[in-house]
Amino acid sequence: MNMIQSAKDQIVELTQKAYAAAVQEKLLPEGVATVPAVEIPKDAANGDYTTTFCLAASKALHKNPREVANILTSHMQLDGTYFTSVEIAGPGFLNFRLGGKWYADVIAAVESEGRNFGRGEGLKGKKYMVEFVSANPTGPMHMGNARGGVLGDTLAEVLDWSGADVWREFYVNDFGNQIDKFAKSIEARYIQLIKGEDAVEFPEDGYHGDDIRELAEAYRAENGDGLLDADEQTRRDTLANFGLAYNIPKMKADLKRYGIEFDEWFFESSLHNSGLVAKAMDELTKLGWTYEKEGALWLRTADITREQLRKSGKKDEEIDKLDLKDDVLRRANGFYTYFAGDIAYHYNKFAIRGFDKVINIWGADHHGHVARLKGAMDALGLNGTERLDIVLMQLVKLVRDGEVVRMSKRTGKTISLSDLLDEIPVDACRYFFNAKPETQMEFDLGLAVREDSENPVYYIQYAHARICSLLKALAEEGYTAPRAADVDIALAQSEQEKALIKEISLFSEEIRMAGRDYDPSYINRYLVRLAAAFHRFYNACRIKGEADDIIAVRLKLAEATKQVLSNGLGILGLGAPEKM
């Protein structure tokens, strides 16, 4: 249950009923359909909730806002609602103050919903795909993959908690130019192992990492030197398949260690082998969006983009200043481009598998590809402008003691995901990489392993463990948290108790906003605030030695906080330890 939204909905209802009653008495004219906007004031002195209805509707009502406010407040019936009072402030704000029923209902909701507290239904019935990581299977995963993995996985979880039917997918680029380079690179190292370093020149644009040499060594150890006598294409195909058969399971294992598992690993080669790339290109041709020039097939990207910009309100003279260009879909040699494969892949997502919304997590260096892919989907009649969303994430900078770290201490090479997980706990990696996608982040390796309140992961998990220890200690003295119905929430009178309940109530709303903005870092920030609210409550409100009814209320608040911390940590893929 979203208790924030419940309170806002009740204010809307109270305001509309008061307006209807005033119309009935001919104190206000009828026919004003303005829906009250309800917000939470930044300063609690201005109430718990406020609405600007009187200001927004005053012109249509032919009265100044304070007159409208006076009439409405005199017709509001607060009995049985979440609110104890409504006050007029400033030029005509209506400020509402929460009463005991709302506080009690928050705690009751946590108890009744338990592990599902925070779930919503705003996206119910919607089929979402989140495609993320999608690293080339030609080498180890790097820091960008580490960040994209957490952002994608946590966003998928947030969308699931928002009610959507969510599918996690990894797109395996096992076709085309990068696989050719991969094969040639392993081949060169294989021949050099057998005949010597000077036997063959290593491809200048090949993959130079030690992992390529290790693959060649592994193939030779298992299969010997016989491949040297095979024809070139057979040799390259064999080595590429061997490399992929090693790398892809390694990627899956590293990601599983990282707490990430996909519903599907979708192979690019399947699009070509099934003929879907050719089919998607044929569809674009039938719709008049392609042309042939110098033996190549081109997409009218400039025309598509121009049409998109016009719909968005851009003027022709502004568009003419842009350097809009068309894209090659099939080269003169008959091979399809990567862009053609990407179009076919997204055609598969929308036209064949029927996802309502597709979200891709990409590095910021792909920003130039966003508009043209959306445009290609629009050209196919699949409404890519609305249904395809791209989250662009910025780079990661690893820092230790204020210095940028580029190399692994263990291997002396660029730090891979596997290297990082050898040094930093998974929980810390997942938390810190789940920063706002559009911001360039610094990952402080020293902070990530600290066991004090400066480390937000430790701070949040310590709050959970502290509550577990508290509940256990009091249980040994015969005190357990009662049922919500047996608690007199009116006894929670202190500022810290009320602030804690309010923070608990925000959980559902934070999840909703995280899903709305494709920014799961809302949950990071929320959990820090919740942990801080609990620590303030714990330091200010004694439990041991108090009267039984006070102990009962405060134990119930602690138990509810523990549940919400556990739920939030679960969304982030972090553990909820019972002791530290």
Side-chain angles (χ1 to χ4, degrees), residues 115-120 122-123 126 128-135 141 143-170 254-264 357-364 389-394 396 417 420-421 424-441 443 448 456-457 459-461 464 506-531 564-576:
R115 287 181 295 179
N116 289 316
F117 179 76
R119 286 193 177 275
L123 298 178
K126 297 293 184 182
Y128 274 56
M129 175 197 278
V130 183
E131 184 228 315
F132 57 106
V133 182
S134 298
M141 287 178 289
M143 290 300 100
N145 305 137
R147 185 178 192 189
V150 167
L151 285 172
D153 194 44
T154 312
L155 176 57
E157 193 67 14
V158 161
L159 294 169
D160 178 89
W161 275 69
S162 299
D165 176 8
V166 181
W167 185 261
R168 291 166 168 87
E169 188 152 296
F170 186 117
D254 285 345
L255 288 166
K256 186 174 183 179
R257 180 184 175 193
Y258 199 27
I260 297 173
E261 294 193 63
F262 291 89
D263 294 297
E264 183 169 357
K357 182 78 80 172
V358 168
I359 304 164
N360 296 341
I361 312 294
W362 286 356
D389 288 329
I390 312 293
V391 176
L392 295 174
M393 59 174 187
Q394 295 295 327
V396 178
L417 172 59
L420 186 69
L421 296 181
I424 306 296
V426 168
D427 283 0
C429 289
R430 289 189 62 106
Y431 181 92
F432 283 104
F433 278 126
N434 193 48
K436 285 181 76 68
E438 66 271 20
T439 59
Q440 187 171 26
M441 68 164 292
F443 190 117
V457 184
Y459 185 67
I460 296 163
Q461 291 180 326
H464 185 273
L506 284 167
F507 186 47
S508 302
E509 184 68 1
E510 295 290 329
I511 293 171
R512 184 190 71 79
M513 292 189 295
R516 178 198 67 188
D517 297 345
Y518 296 166
D519 179 9
S521 68
Y522 272 95
I523 310 304
N524 293 39
R525 297 187 291 276
Y526 169 76
L527 290 176
V528 170
R529 295 200 315 269
L530 179 59
V564 180
L565 284 169
S566 176
N567 290 3
L569 287 164
I571 289 174
L572 297 182
L574 277 59

Original post:
Considering all heavy atoms of both residues, which atom of R168 and which atom of E261 are nearest to each other, and what is their separation?
Top reply: CD-O, 3.7 Å

**OP:** Find the distance between CG (D165) and CG (L123) and round it off to the nearest 0.5 Å.
**Re:** 11.0 Å

Original post:
Where do G568 and I523 come nearest, in terms of heavy atoms and distance?
Top reply: O-CG2, 4.0 Å

Original post:
Does any non-hydrogen side-chain atom of V150 lie less than 4.5 Å from one of C429?
Top reply: no

**OP:** Kindly say whether K357 contributes a backbone atom to a donor-acceptor pair with the side chain of D389 at under 3.5 angstrom?
**Re:** no

Original post:
Do you know the tightest heavy-atom contact between N434 and S521?
Top reply: O-CB, 3.0 Å

Subject >> Candidate pair M143 and L420, rule side-chain contact (heavy atoms from CB on, under 4.5 Å), full reasoning >> reply: CA-CA 9 Å; M143 290 300 100; L420 186 69; 4.0 Å; yes

**OP:** Measure the shortest side-chain to side-chain distance between L574 and L527 over non-hydrogen atoms and say whether it is less than 4.5 angstrom.
**Re:** no

**OP:** Walk me through it: do L506 and Y526 pass the test side-chain contact (heavy atoms from CB on, under 4.5 Å)?
**Re:** CA-CA 8 Å; L506 284 167; Y526 169 76; 4.0 Å; yes

**OP:** Please report the C-alpha distance between D160 and R119 in whole Å, then the side-chain angles of each, then the deciding distance to 0.1 Å, and finally whether the side-chain contact (heavy atoms from CB on, under 4.5 Å) criterion is met.
**Re:** CA-CA 8 Å; D160 178 89; R119 286 193 177 275; 2.9 Å; yes

Original post:
In Å and rounded to the nearest 0.5 Å, what is the CZ to CZ distance from F443 to R147?
Top reply: 11.5 Å

Original post:
Any idea which heavy atoms bring L155 and A514 closest together, and the distance?
Top reply: CD1-O, 4.3 Å

Original post:
Roughly how far, to the nearest 0.5 Å, is CG of N145 from OH of Y258?
Top reply: 9.5 Å

**OP:** Would you name the heavy atoms of A164 and Y128 that are closest together and state the gap between them?
**Re:** CB-CD1, 3.9 Å

**OP:** List the steps, then state whether side-chain contact (heavy atoms from CB on, under 4.5 Å) holds for F432 with V457.
**Re:** CA-CA 8 Å; F432 283 104; V457 184; 4.0 Å; yes

Original post:
Any side-chain heavy atom of Y522 sitting closer than 4.5 Å to one from R516?
Top reply: yes

Subject >> P437 side chain near D519 side chain, heavy-atom distance below 4.5 Å >> reply: yes

**OP:** Report yes if some heavy atom in the side chain of D153 is under 4.5 Å from a heavy atom in the side chain of R430; otherwise report no.
**Re:** yes

Subject >> Atom pair CD/CG of Q461 and L565 - distance to nearest 0.5 Å >> reply: 10.0 Å

Original post:
Looking at side-chain heavy atoms only, is the closest gap between T439 and Q394 below 4.5 Å?
Top reply: no

**OP:** Measure the shortest side-chain to side-chain distance between F433 and V396 over non-hydrogen atoms and say whether it is less than 4.5 angstrom.
**Re:** yes

Original post:
Which pair of heavy atoms, one from V426 and one from R257, lies closest together, and at what distance?
Top reply: CG2-O, 3.4 Å

**OP:** Flag the pair K436 and D517 as a salt bridge only when some basic side-chain nitrogen lies within less than 4.0 angstrom of an acidic carboxylate oxygen.
**Re:** no

Subject >> Main-chain N/O of Y431 paired with N524 side-chain donor or acceptor, under 3.5 Å >> reply: yes

Original post:
Could you state the interatomic distance from CE (M141) to CG (L255), rounded to the nearest 0.5 Å?
Top reply: 4.0 Å

**OP:** Measure the spacing between CG of D254 and CG of L417 and express it to the nearest 0.5 Å.
**Re:** 5.5 Å

**OP:** Kindly assign one of parallel, tilted or perpendicular to the pair F170 and F262, based on the angle between their ring planes and the thresholds 30° and 60°.
**Re:** perpendicular

